[in-house]
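Scroll down for the structure; my scribbles are underneath it.
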Amino acid sequence: MSLSPLEKIGLRLLRVHDVIYQKSGGRIGHRLPGAPPSLLLHSVGAKTGAARVNTLTYATDGGRYLIVASNGGANRYPAWYHNLKAHPDVEINVGTQRFAVHADILLPEHPEYARLWQVVNANNSDRYTNYQQRTDRPIAIIALRPV
């Protein structure tokens, strides 16, 4: 999948955002103008057992934080998805608040999937529909439930 020049610039800006959000412990970067809010996902590597941190946009539903394993429509899931499958009890930062959550992976056959797809897609300017058109794999929604 080749990226347009605008998409390449966007990826660079996202990397800068990731660094600032992570280094500031969530003080800077939770909310950016014109973008959905972001959280920091603290997980454990499925193969390595090493600590991992990913900055991800999220929506909310009934006290849960919803993240999407879209990987920009690539044909493979993002690494953090495999980490959550192996180790579903993780922590997140929402802004500066860090707390424990349990990750429930929802695929299209899940009874809530269609409704939650609408929630996450609307939260992210309909990007996920475009991403789903790029890949044959189902894009998972992960519901992070505080414990």
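Every heavy atom of this structure was used, including side-chain atoms; hydrogens, water molecules and symmetry mates were not.
- Residues L106 and V119 share a single hydrophobic cluster, defined by chaining ILVMFWY side chains whose heavy atoms lie under 4.5 Å apart.
- Proximity of I20 to K23: side-chain heavy atoms (C-beta onward) are nowhere separated by under 4.5 Å.
- Within 6.0 Å of atom CZ in R137, more than 12 heavy atoms from other residues, nucleotides or ligands are found, so the atom counts as buried in its surroundings.
- Note: Y131 and Y128 have perpendicular aromatic rings, judged against thresholds of 30 and 60 degrees for the angle between ring planes.
- Put simply, V94 and L84 are part of the same group of oily side chains (I, L, V, M, F, W, Y) that touch within less than 4.5 Å, one to the next.
- Here the shortest heavy-atom pairing between A46 and A86 reads CB-CB, 3.8 Å.
- Residues L41 and V90 meet the side-chain proximity criterion, which asks for heavy atoms closer than 4.5 Å.
- Counting non-hydrogen atoms of neighbouring residues, nucleotides and ligands closer than 6.0 angstrom, the CD atom of Q97 reaches no more than 12 such neighbours.
- Among all heavy-atom pairs drawn from A69 and Y81, the shortest one is CB-CD1, 3.8 Å.
- At least one side-chain heavy atom of R27 sits less than 4.5 Å from a side-chain heavy atom of T96.
- Side-chain atoms of R52 and H42, non-hydrogen and from C-beta on, never get closer than 4.5 Å to each other.
- Inter-residue side-chain proximity for R64 and D61 is flagged as met; some heavy-atom pair is nearer than 4.5 Å.
- Of the residues listed (T60, L66, D104, I92), the one engaging L144 in a side chain to side chain contact (heavy atoms under 4.5 Å, CB included) is I92, and it is the only one.
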field: R127/N124 under side chain to side chain donor-acceptor pair (under 3.5 Å): CA gap, chis, key distance, verdict
entry: CA-CA 6 Å; R127 284 185 181 92; N124 211 0; 3.1 Å; yes
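- Residues Y65 and P146 have side chains in contact (heavy-atom distance under 4.5 Å, counting atoms from C-beta outward).
- Annotation for L107 and A140: closest pair CD2-CB, 3.6 Å, computed over non-hydrogen atoms.
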